[in-house]
Amino acid sequence: MLQRFSIILLSLLMGVSFLYAQESLEEKIPWLPVGNERYEPYGTLKAGPFRIHPFASEQVMWFDNIFLQQRYRESDFLSVTELGARADLIYDQKAFLLNLLKLKYNYYLNHSEASNFEYSYRCEGRYCLSRLLSFDGRAEYSHIVEPTEVLFAEKVERDIIDVLLGLDIKTTSDKLSFRAEVQEKNYNFSEKIYDAIDHNEFYFNGLGRYKYSEKTNFGARLGYGMLTYPEDVLNDHSYFTLGAFAEGELWTKVKYFAELGFLMQMVDVKNNPDDSEYTGPYCGISAQYIATEKWVLKAAFQRRIEYHAAVNYQVVDKLEGDFQWKIRPKIMLHLRCALELFNPSGDDPDIAAFGWRTIAGAACYYRIKDYLYAGVDYEHTRRLSHMELASYYANKFYIHITLAF
């Protein structure tokens, strides 16, 4: 997974946290992520004060373009084995601590050289010192091999460390609240050929929020970040962000979050001759429509400024949708789609000057028992650019059986 400027991720997180600000601490605990789905944690196993949620999944997948090539496409069957567990500690509605370990092995039947092992560990928590003051944070280490971002169309082994600390303060009237965050991200690519794009990013984010009414809140954000490279090939840079947002309920069943801001990038041109800098808007808007307890519709649009492996930045516009429908008490249908338009800076003829990627998927799973699920999933991905090496299309179809406690 490649880094994107923290501002957009934080925008989405703020939107989610504001939309569900009235939930209890336990209701904020996320479901277990397995494959492309999330499953309800039952928590019947205990070890001391922790609730243990083990999970396991076996997927058999047909992938018709395993190396994401426009020509000379290679197809194969995969066995994707995913194992893990999460240990949850919840203390008296004042604090929670989650520890999630995931192990994943991707075995290619006819291309064993492409088989790989991925894993991650994530620790996150929150402590409410009082009704007016709380702390939260997360620390995550991930080892990733499979291509997941629009930037790369090949398997690149990489290690990512992501640490975030946050402080929330409210006034006694609940009208005003403030949040301060610091985040550190480090990306280390395993192969020596990619040493030049190892990088580290630090970001500070300050937010203020005003409760205008029971259903509407307004806020503002000010942030500063720095991105540095250990190798003298690409340009270090820093950036400022300034934005305003609104969130709340339009109707009883529709919740929204919207942000519009300005980002100014300052590039230290000492290595790469590219001196282009981004100065312009970023934005994000998301909405959630909960028609009944049986189905939920989500939609979002965002313009973000992303890291790029060869130039100073790329602008990405992304539109996405998600629909979940509980057809029957034990049958869940999940539809997802996304469209990304990307435009790197500069005019290097060896870099795709523009392009787009679309992803569409449909999944359905059946809950056989409280902890046992079986399902099918199909996903189509298409990436198109004026450069042949930057274009491809691929289809995945797989069946899975999953245990989630």
Side-chain angles (χ1 to χ4, degrees), residues 6 9-35 37-56 82-103 119-142 160-172 174 177-185 203 205-207 209 211 217 219 247 255 257 286 288 290 296 298 324 370-371 402-405:
S6 304
L9 177 60
L10 294 173
S11 298
L12 298 179
L13 290 177
M14 286 298 295
V16 171
S17 64
F18 286 169
L19 291 180
Y20 298 99
Q22 302 305 315
E23 291 182 345
S24 68
L25 205 60
E26 190 161 353
E27 289 173 325
K28 292 181 181 180
I29 302 300
W31 286 18
L32 298 172
V34 187
E37 302 295 339
R38 291 180 178 270
Y39 301 94
E40 182 179 2
Y42 286 93
T44 56
L45 304 177
K46 291 187 177 182
F50 289 92
R51 297 180 186 177
I52 308 300
H53 305 287
F55 55 86
E82 192 170 347
L83 302 172
R86 197 178 73 197
D88 299 356
L89 174 63
I90 303 174
Y91 174 69
D92 194 29
Q93 292 301 315
K94 290 184 178 181
F96 70 79
L97 179 66
L98 313 181
N99 295 274
L100 174 66
L101 175 66
K102 294 181 68 172
L103 309 174
Y119 49 88
S120 66
Y121 169 73
R122 179 185 178 99
C123 177
E124 60 181 306
R126 174 178 288 272
Y127 177 62
C128 300
L129 188 63
S130 69
R131 188 180 68 86
L132 306 178
L133 180 64
S134 64
F135 301 90
D136 64 89
R138 71 164 186 268
E140 182 171 10
Y141 169 76
S142 303
I160 304 171
I161 298 174
D162 183 0
V163 178
L164 182 144
L165 298 174
L167 168 66
D168 288 291
I169 302 174
K170 293 195 302 183
T171 60
T172 53
D174 285 340
S177 61
F178 303 92
R179 179 171 175 82
E181 295 174 325
V182 290
Q183 184 175 14
E184 185 90 15
K185 288 186 176 182
Y203 183 72
N205 186 38
L207 303 107
R209 173 177 172 240
K211 185 176 181 180
N217 300 280
E247 57 87 22
K255 299 177 180 180
F257 176 80
S286 61
Q288 176 177 279
I290 307 175
V296 178
K298 301 176 184 178
Q324 296 186 40
D370 284 349
Y371 316 113
T402 300
L403 283 164
F405 292 89

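Every value quoted in this text rests on a predicted model; they were computed, and no experiment measured them.
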Within-4.5 Å side-chain heavy-atom neighbours: Y203 and E181: no
Are any of the side-chain nitrogens in D162 or R122 under 4.0 Å away from the carboxylate oxygens of its partner? no
Y42 meets the side-chain hydrogen bond (donor to acceptor under 3.5 Å, both in side chains) criterion, sequence neighbours left out, with none
Run the side-chain contact (heavy atoms from CB on, under 4.5 Å) test on L403 and Y39 for me, step by step, so that the C-alpha distance in whole Å, both residues' side-chain angles and the decisive distance to 0.1 Å come before the verdict. CA-CA 9 Å; L403 283 164; Y39 301 94; over 6 Å; no
Using side-chain heavy atoms (C-beta onward) and a distance below 4.5 Å, is Y127 in contact with D136? no
Do D168 and R126 have side-chain heavy atoms sitting under 4.5 Å apart? yes
Does Y121 reach the side chain of N99, with side-chain heavy atoms less than 4.5 Å apart? yes
Can you name the ring pair (Phe, Tyr, Trp, His ring centres under 6.0 Å) partners of F50, sequence neighbours left out? none
OG-CG distance between S120 and L101, expressed to the nearest 0.5 angstrom: 7.0 Å
Please examine the side chains of I169 and R179, heavy atoms only from C-beta on, and report whether any two atoms are closer than 4.5 Å. no
Roughly how far, to the nearest 0.5 Å, is OG of S134 from CG of L167? 7.0 Å
Is any side-chain N of the basic residue among D88 and R51 closer than 4.0 Å to the acidic one's carboxylate O? no
Side chain to side chain, V296 and Q288, heavy atoms closer than 4.5 Å: yes
How long is the gap from CG on L100 to CZ on R86, to the nearest 0.5 Å? 7.0 Å
Measuring from atom CZ of R131 to atom OG1 of T172, what distance do you get when rounded to the nearest 0.5 angstrom? 7.0 Å
From F96 atom CZ to C128 atom SG, the distance as rounded to the nearest 0.5 Å: 8.5 Å
Hey, are the side chains of I160 and K185 touching, using non-hydrogen atoms and a 4.5 Å cut-off? no
Under the side-chain hydrogen bond (donor to acceptor under 3.5 Å, both in side chains) test, which residues partner K170, sequence neighbours left out? none
Does E247 pair with R209 as a salt bridge, N-O distance under 4.0 Å? yes
Nearest-0.5 Å distance, CD1 of residue I29 to CD of residue E40: 13.0 Å
Among C123, P41, P30, which residue satisfies the side-chain contact (heavy atoms from CB on, under 4.5 Å) criterion with L98? P30
Under a 4.0 Å threshold between the charged nitrogen and the carboxylate oxygen, would K211 count as salt-bridged to D174? no
With a 6.0 Å cut-off on the ring centroids, do Y371 and F405 count as close? yes
Check whether any side-chain heavy atom of R138 lies under 4.5 Å from a side-chain heavy atom of V163, and answer yes or no. no
